[in-house]
Amino acid sequence: MSRLEATNPPLFITLTKDTASQSLSLLSRIFRSSYGPDGRLKQLHNGMGGCVCTTSQSSAMLRHLSVSHPVLRVVTASVRSHVSRLSDCGLFTAILCCSLIENFRSLNVAPGTVVRISTHLLSLCMDYLKSEACCCRVSVDFSSVQTLVCLVRSILTSKPACILNKTEVDHLTMLIVKAFLFTVPCHAETNAVLGKCVIVPVKGRRVVDSTLLPGLLIEAPEIQLAKPLTVKRTGSDRIKIALFCVSMSGDSFNPEEGTIAVHHGISLEMLELNQLLNVGEQLVKDEVGLVVCQKVIHPSLKQYLKENHVLAVDRAGLSLMEPLSQMTGSKPIASIHLLSPGCYGSLKDVCVESFASKHFVHLIPEDTVICSLILCNRSDTAWDELKRVCETAEHVLQLTMKEPLALLGGGCTETHLASYIRHKSSSLSSSSFKDLDCSQTQYQLVADGFCRSLESVARSLNHDDGEVLTDMVYGHCWFVPSGYPSVSKWSDLVSKCGCGVNDNTEDLNWRLLQGQSGSPIIQSCPKESSVKVNDFLTLDCFAAKCSGLQVALETANLILDLSYIIEDQN
């Protein structure tokens, strides 16, 4: 009989202001200290051995961080969901969410009232960001690559674990932008689909050795460089390709699937090999010049295909199946017992490429919507971080194509929004307070906490004990080098704002961003500065930052409204 145990009652945890404050503060410090180009790196490991991850990226940190408190689980789950959808602005979302929780909890205002007011403030921000009057929004013109270059460069320079110098950043920026342009279809269609950039790892080489090739590279160690490829072509001088996603090794019979009854003297292996050779004969008859298999091809079938001038490449892997199918128009064949003439695709050419000590078969397509980025870096750790950054940059460019907008980076959007909200909240009508069921004092308290949270994100970009300023004209963010007293003349110490749009040529009347103790200064609506896209402009992804703003506030409101947590102890 099974052992019977008494059922334990559920554990009720009452959430108070101090329940998770210490853990939340620690999590916030981890994210803040990792933020921006000067962010401090984190080394994460499980304490039981295994690999060590050195990173400042939110996606990597959230994957390795283990949190136990329910409030922290909600925060990390929300940020992880945001990053999985939009790839960028994970640290922004996490820092803002933690700051909102801390600031809202410090107010002597009922949680329900805070939620109503903060939701209204969020709608003001989103309406402003999506309006033509928004001063921190930049239109992306796809007839020029300059804005795209600024976006990619901003992403690359924000991750110090990649260990890139300026020359390497410039080189990779151009490769990533070119790779994205390769994936955009040349012909406009109703249901046009973007292509894909496949990253090919080459570790232990210089970053500037990275290069971009149209088409796909499949690693093939057995390829001999000395001998030219002789591949069968069709009458139209094209190479017909067959793509198999099933094993062609001759051992497809799996004993775990059941018992197979055979006559005495019959060999299953020979039957399978004969079937594979029959497939080979059919491929030769159909004028196929290239066979690519996701798994393994039997040596006898390989030899037969080679004798008939058909190139066979196996162990391509699952990750290449979709881009191979998209690039060639072939349909993956899932059975060696049925071949349809409509499953074949075509290629323009096939050749052999060699990089470092690796040999590749290079598949060159008719139309370039699939490309291969040979990505190099000096160490495994730096390469892993760089790969994640390149994937983020590609996704950001795709999001920007759907919504051709960007936001000013370097903390300027956050401080500008704070200035805008302070101006709007100071001129709100009495009927608005009635609609929100709150007093003017309550509204001002929540609005100030909201603005201080936005400004705290901008302050998180500073890691060297220097002062952080905002100007009273445009509402942008300015960083003062460390070592100067607060009584200094700010115009002598700052040259450019965080995003790079404004300089100190005019009297901007700066003030310190003091954090919790800073009293809000009511000012007029920040003026619009003339945004001229230049090589030094810092930009953020519009879609990712807008989503991060929403996720941060909605998660903070959810946690603010929690009273109890019930844990099953069984």
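The chain is numbered in sequence order, starting from 1.
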Look only at the side chain of [X] and the backbone of [Y], and say whether a donor-acceptor pair between them is shorter than 3.5 Å.
X      : Y      : answer
Asn502 : Cys497 : no
Ser325 : Met321 : no
His476 : Thr413 : no
Asp141 : Ser143 : yes
Ser56  : Lys159 : no
Asp209 : Arg205 : no
Arg40  : His463 : yes
Thr157 : Arg153 : yes
Ser210 : Cys376 : yes
Lys240 : Asp286 : yes

Scan side-chain atoms only and decide if [X] and [Y] contain a donor-acceptor pair under the 3.5 Å cut-off.
X      : Y      : value
Gln326 : Glu322 : no
Thr381 : Ser379 : no
Arg32  : Ser28  : yes

Check ion pair [X]-[Y] (N to O, under 4.0 angstrom):
X      : Y      : answer
Arg238 : Asp349 : no
Glu391 : Arg388 : no
Lys302 : Glu307 : no

Is [X] atom [atom1] crowded by more than 12 heavy atoms from other residues, nucleotides or ligands, each under 6.0 Å away?
X      : atom1 : result
Lys42  : NZ    : yes
Arg315 : CZ    : no
Lys331 : NZ    : no
Lys178 : NZ    : no

- Item | Verdict with reasoning, Leu213 to Val200, per side chain to side chain contact (heavy atoms under 4.5 Å, CB included) | CA-CA 11 Å; Leu213 293 174; Val200 180; over 6 Å; no
Check whether any side-chain heavy atom of [X] sits under 4.5 Å from a side-chain heavy atom of [Y], and report yes or no.
X      : Y      : result
Ser87  : Val396 : no
Val284 : Tyr304 : yes
Leu129 : Arg137 : no
Lys348 : Ile239 : no
Leu339 : Leu283 : yes
Leu324 : Ile218 : yes
Thr147 : Leu539 : yes
Met248 : Leu301 : yes

Just how far is it from atom [atom1] of [X] to atom [atom2] of [Y], taken to the nearest 0.5 Å?
X      : Y      : atom1 : atom2 : result
Met174 : Leu212 : CE    : CG    : 11.0 Å
Leu216 : Thr328 : CG    : OG1   : 9.0 Å
Ile364 : Cys351 : CD1   : SG    : 4.0 Å
Leu407 : Leu151 : CG    : CG    : 9.5 Å
Thr167 : His171 : OG1   : NE2   : 10.5 Å
Ser58  : His82  : OG    : NE2   : 7.5 Å

Shortest non-hydrogen contact from [X] to [Y]?
X      : Y      : result
Asp540 : Gly409 : OD2-CA, 3.4 Å
Ile155 : Thr392 : CG2-CG2, 4.3 Å
Thr93  : Gly548 : OG1-CA, 3.1 Å
Val152 : Ala393 : CG1-CB, 4.3 Å
Leu217 : Ser372 : N-OG, 3.2 Å
Ser300 : Leu277 : O-CD2, 4.3 Å

- Item | Lys295 to Phe244, cation-pi by 6.0 Å centre distance and 45° axis angle | no
- Message: Could you walk me through whether Thr183 and Phe180 satisfy the side chain to side chain contact (heavy atoms under 4.5 Å, CB included) test, starting with their C-alpha distance in whole Å, then the side-chain angles of each, then the deciding distance to 0.1 Å, before giving a yes or no?
- Response: CA-CA 5 Å; Thr183 64; Phe180 169 71; 4.0 Å; yes
- Centroid-centroid under 6.0 Å between His416 and Tyr128 rings: yes
- Task: Show your reasoning for whether side chain to side chain contact (heavy atoms under 4.5 Å, CB included) applies to Leu122 and Leu549.
- Result: CA-CA 8 Å; Leu122 175 64; Leu549 182 60; 3.9 Å; yes
- Query: Should Leu290 and Leu347 be marked as a side chain to side chain contact (heavy atoms under 4.5 Å, CB included) after you check the CA-CA gap, both sets of side-chain angles, and the distance that decides it?
  - Reply: CA-CA 9 Å; Leu290 174 65; Leu347 284 169; 3.5 Å; yes
- Message: Between Glu385 and Thr55, is the side chain to side chain donor-acceptor pair (under 3.5 Å) condition met? List the steps.
- Response: CA-CA 7 Å; Glu385 184 85 345; Thr55 185; 2.7 Å; yes
